[in-house]
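Only one structure is covered here, and it is reproduced in the block below.
Within every chain, numbering begins at 1; the chains are lettered A, B, ... in the order of the sequence lines, protein sequences first and strands thereafter.
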Number of protein chains: 2
Amino acid sequence: MNAKLKPAVVEAWVNLVRIERTLLDRVEEDLKRAQLPPLDWYHVLHEIDRSPKGMLRQTGVQDRTQLAQYNVCRLVDRLEREGLVERHQCQLDGRNNVLLITAKGRALRRAMWPVYAAAIAAHFGAHLSEVEARHLARLLGKLVRTEAAD
Amino acid sequence: MNAKLKPAVVEAWVNLVRIERTLLDRVEEDLKRAQLPPLDWYHVLHEIDRSPKGMLRQTGVQDRTQLAQYNVCRLVDRLEREGLVERHQCQLDGRNNVLLITAKGRALRRAMWPVYAAAIAAHFGAHLSEVEARHLARLLGKLVRTEAAD
DNA sequence: ACGGCATATATGCAATTGCATTCGTATGCA
DNA sequence: TGCATACGAATGCAATTGCATATATGCCGT
């Protein structure tokens, strides 16, 4: 894998790294200001919530969020402690945990979304035209798909 | 700031968050495998190295890397402990620290680059055509510039 | 049934990060 | 000069993360 590194690739990379840190910081800041928990809580709750019957295996969360195994484990600890999800051992395969979102969990997710959405709109969407947003979505989507593959 | 959130913006955002975590993980993994320190060390050394005379104020590092003030402070602690940079109080304004990269620091940066470059090429560049890379660089660059402004 | 391997989750401990505050230095102005 | 304010850097403490490993369960071949 000695592909020569094109300047455009480096430029895209540098911009990606830079903008990602800035944007995540600002979104987290907005959530904090609204006294809401961090973004990862939202992502995890969201993934469970949108799964059939509000249930998802812990590995499912890992796959969908790209969080490290031990971080998912401990984040779920915290969510469970707050009564936002329930953790059940799977009947069919005792190695799996099945996570079940609670009413409180759904409520929190719903409460977070307006703030999160506004942050995305303000810090990200506001600086892109419709066409640019579509291009960006397409380019990044391509990367997501190729990365997920290997 | 109640801009309605367009689907394309959400999609771009979701893909951005997702790919960013994946890519940074992989790059960090490659560095670790090569027994090299984390990416942020590279970024900080790089910023100092490319500044005039290999000197940069600590706030300069903050601005360029988007790292939190206290994280820059402590990262510089570590770099200093390893003899990669020197920290000097500024003569003109005693509040500022001026960071000076050492020969060892330059050497480490140079040693890291091939590994870092290969990781960017393999995990990122390899999945983009020249044209796509240019588009992506342009779109992300626009975001960087507008974000830096406010 | 049993040993060996694979998978899913959990955990002890060290390192890093976030938060709030503090410290030292400059600047503006009465 | 003297004091309020601002700025850059550092730090104590709690929370989170990373790493290595442990535990627990299931699967497979014999």
Side-chain angles (χ1 to χ4, degrees), chain A residues 20-22 24-44 47-48 55-82 85-100, chain B residues 20-22 24-44 47-48 55-82 85-100:
Chain A
E20 167 271 317
R21 184 132 45 188
T22 306
L24 286 181
D25 276 4
R26 299 209 176 162
V27 172
E28 294 281 13
E29 198 188 323
D30 288 357
L31 286 170
K32 214 166 311 175
R33 197 177 7 257
Q35 315 228 236
L36 292 169
L39 209 41
D40 283 336
W41 287 41
Y42 181 88
H43 292 315
V44 171
E47 291 302 340
I48 302 174
M55 305 174 95
L56 188 57
R57 288 181 309 137
Q58 218 163 279
T59 29
V61 172
Q62 236 172 278
D63 295 343
R64 288 167 168 76
T65 60
Q66 292 295 112
L67 290 165
Q69 180 271 320
Y70 48 81
N71 281 334
V72 171
C73 182
R74 291 192 273 212
L75 178 44
V76 169
D77 285 348
R78 285 168 234 150
L79 297 177
E80 196 182 22
R81 235 181 289 126
E82 297 293 327
V85 305
E86 286 168 19
R87 210 187 220 144
H88 297 287
Q89 193 176 39
C90 178
Q91 300 296 354
L92 299 168
D93 184 336
R95 290 170 302 185
N96 286 279
N97 280 347
V98 175
L99 305 176
L100 180 59
Chain B
E20 166 271 316
R21 184 129 52 186
T22 306
L24 287 181
D25 276 4
R26 299 210 175 159
V27 172
E28 293 281 13
E29 196 188 325
D30 288 356
L31 286 170
K32 214 167 311 174
R33 195 173 15 253
Q35 315 228 239
L36 292 168
L39 209 40
D40 284 337
W41 288 41
Y42 181 87
H43 291 314
V44 171
E47 293 301 340
I48 302 174
M55 306 175 95
L56 187 58
R57 286 182 309 137
Q58 216 162 281
T59 32
V61 172
Q62 237 171 278
D63 296 343
R64 287 166 169 75
T65 61
Q66 293 295 111
L67 289 166
Q69 180 269 324
Y70 48 83
N71 281 334
V72 171
C73 182
R74 291 192 273 212
L75 178 43
V76 169
D77 284 348
R78 285 168 236 150
L79 296 177
E80 196 182 23
R81 234 180 290 128
E82 297 294 326
V85 305
E86 286 168 18
R87 208 189 222 143
H88 297 287
Q89 193 176 39
C90 178
Q91 301 295 357
L92 299 168
D93 185 337
R95 291 169 301 185
N96 287 279
N97 279 347
V98 174
L99 305 176
L100 180 59

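Of the residues near DNA chain D, A:Pro38 and B:Val76, the one whose nearest nucleotide (by heavy atom distance) lies more toward the 5' end is B:Val76.
Atom CG in B:Asn97 sits roughly 11 Å away from atom C1' in C:dG24 (whole-Å rounding). When rounded to the nearest whole Å, the span between CZ of A:Arg95 and C1' of C:dC5 equals 11 Å. As a whole-Å value, the separation of A:His88 NE2 from C:dA10 P is 13 Å. With rounding to whole Å, A:Asp93 atom CG is found 16 Å from C:dA6 atom P. The nearest whole Å value for the distance from the CD atom in B:Glu28 to the C1' atom in D:dT17 is 13 Å. Here C:dT17 presents its P atom at 14 Å from CD of B:Gln62, a figure rounded to the nearest Å.
Contact detail for A:Gln66 and B:Thr22: the closest heavy-atom pair is NE2-OG1, 3.0 Å. Here the closest non-hydrogen pair linking A:Glu47 and A:Leu56 is O-CD2, 3.7 Å.
At C:dA10, one or more side-chain N or O atoms of A:Arg87 fall inside 4.0 Å of OP1 or OP2 (strictly under the cut-off). Contact between the side-chain N/O atoms of B:Gln89 and the OP1/OP2 oxygens of D:dG8 is not found at any separation under 4.0 Å. Residue A:Lys32 has a polar side-chain atom (N or O) positioned under 4.0 Å from OP1 or OP2 of C:dC19. Under 4.0 angstrom from either OP1 or OP2 of C:dG18 there lies at least one side-chain N or O belonging to B:Asn71. At D:dT17, one or more side-chain N or O atoms of A:Arg78 fall inside 4.0 Å of OP1 or OP2 (strictly under the cut-off).
Using a 4.0 Å heavy-atom distance criterion, B:Arg74 is classed as a base contact.
At a cut-off of 3.5 angstrom, counting only N and O atoms as typed in the model, there is a donor on one side and an acceptor on the other between the side-chain of B:Gln69 and the base of D:dA10.
Put simply, the side chain of B:Leu99 does not reach to within 4.5 Å of the side chain of B:Glu86, judged on heavy atoms.
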